[in-house]
Amino acid sequence: MYVALAEGVFLYDAKANNLNPVIAKDLRSATGSQGFVASAPLNLVYVADLSRVSRASGEDKILYTAADVGFIAENVYLYCASQGLAVVVRGSIDRASLTEAFKLRPEQKVILAQTVGYGK
Ligand SMILES: Cc1cc2nc3c(=O)[nH]c(=O)nc-3n(C[C@H](O)[C@H](O)[C@H](O)COP(=O)(O)O)c2cc1C
């Protein structure tokens, strides 16, 4: 899970519960094609590293990782609902330019993004 904030882009290390800095630039606008993306405080970008999915065929790698993303995004929805935060999962992404902006490897596939902010 990549985390795009005004301060930069971070990679979430779930085991250590840590945000590791990746790019010290505000790349929020690169995470989606809708206007609110650039100004929302947080954009999560779910990236599947297909090289780490060992026991599945090509198509299944995408199916399994996309299902994982669905579970994680739903947990984010539940947390946001509990805290009164606005949230939207997004598929409308220019994946090629985001892959370039985040310097992702070819086997890293952008599955979905999710914006979190404050409701109007
Ligand atoms: C896989 C998936 C991709 C989506 N992509 C977008 C998107 O790119 N932009 C967007 O505004 N809504 C997108 N949506 C819809 C929103 O996540 C949300 O369900 C919709 O805006 C309804 O939200 P509301 O009930 O709060 O109005 C997507 C939903 C799913 C399940």
Side-chain angles (χ1 to χ4, degrees):
M1 182 197 293
Y2 285 82
V3 175
L5 303 168
E7 296 90 324
V9 179
F10 300 80
L11 184 57
Y12 180 57
D13 177 348
K15 273 192 188 150
N17 191 28
N18 217 25
L19 286 181
N20 296 326
V22 178
I23 303 170
K25 262 199 280 185
D26 183 356
L27 292 180
R28 287 174 295 172
S29 63
T31 71
S33 50
Q34 290 163 282
F36 59 82
V37 170
S39 59
L42 169 63
N43 285 285
L44 301 170
V45 179
Y46 298 106
V47 177
D49 186 345
L50 300 184
S51 69
R52 294 175 62 188
V53 188
S54 48
R55 281 179 298 175
S57 69
E59 195 185 343
D60 284 354
K61 285 183 191 208
I62 292 286
L63 284 175
Y64 291 152
T65 53
D68 282 341
V69 167
F71 290 123
I72 300 167
E74 189 61 29
N75 284 334
V76 172
Y77 265 105
L78 292 172
Y79 176 78
C80 289
S82 77
Q83 300 300 311
L85 294 167
V87 56
V88 61
V89 86
R90 297 186 285 100
S92 170
I93 304 165
D94 182 338
R95 288 180 171 76
S97 64
L98 181 53
T99 297
E100 201 179 323
F102 277 20
K103 300 182 172 39
L104 301 178
R105 289 174 278 111
E107 63 273 24
Q108 287 181 292
K109 299 290 177 205
V110 176
I111 306 286
L112 288 172
Q114 194 171 24
T115 302
V116 179
Y118 301 102
K120 285 187 184 158

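Ligands are counted one by one from 1 in listed order, and the atoms in each one are counted from 1 as well. Quick caveat, the model's predicted, so the values are computed rather than measured.
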Establish whether [atom] and some protein heavy atom are separated by less than 4.0 angstrom.
atom                    : answer
atom 7 (C) of ligand 1  : yes
atom 22 (C) of ligand 1 : no
atom 12 (N) of ligand 1 : yes
atom 26 (O) of ligand 1 : no

[atom]: the protein heavy-atom neighbour that sits closest, reported with distance to 0.1 Å:
atom                    : result
atom 5 (N) of ligand 1  : G91 N, 2.8 Å
atom 17 (O) of ligand 1 : V89 O, 2.9 Å
atom 1 (C) of ligand 1  : L112 CD2, 3.9 Å
atom 9 (N) of ligand 1  : Q34 OE1, 2.8 Å
atom 20 (C) of ligand 1 : V88 CG2, 4.8 Å

Should [X] and [Y] count as side-chain neighbours, where that means a heavy-atom distance under 4.5 Å?
X   : Y    : result
K25 : V9   : no
D49 : R105 : yes
V76 : Y46  : yes

Could you tell me whether ligand 1 has any atom less than 4.0 Å away from a heavy atom of Y77? yes

For Y77, does the OH atom sit with more than 12 other heavy atoms under 6.0 Å from it, leaving out its own atoms?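 Yes - once you tally the heavy atoms of other residues, nucleotides and ligands closer than 6.0 Å, there are more than 12.
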
Does E107 CD have over 12 foreign heavy atoms under 6.0 Å away?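 Correct, the count exceeds 12.
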
Please determine if R28 and D26 form a salt bridge, counting it only when a charged side-chain N lies under 4.0 Å from a carboxylate O. yes

Side chains of N20 and Y12: do they bring a donor and an acceptor to under 3.5 Å? no

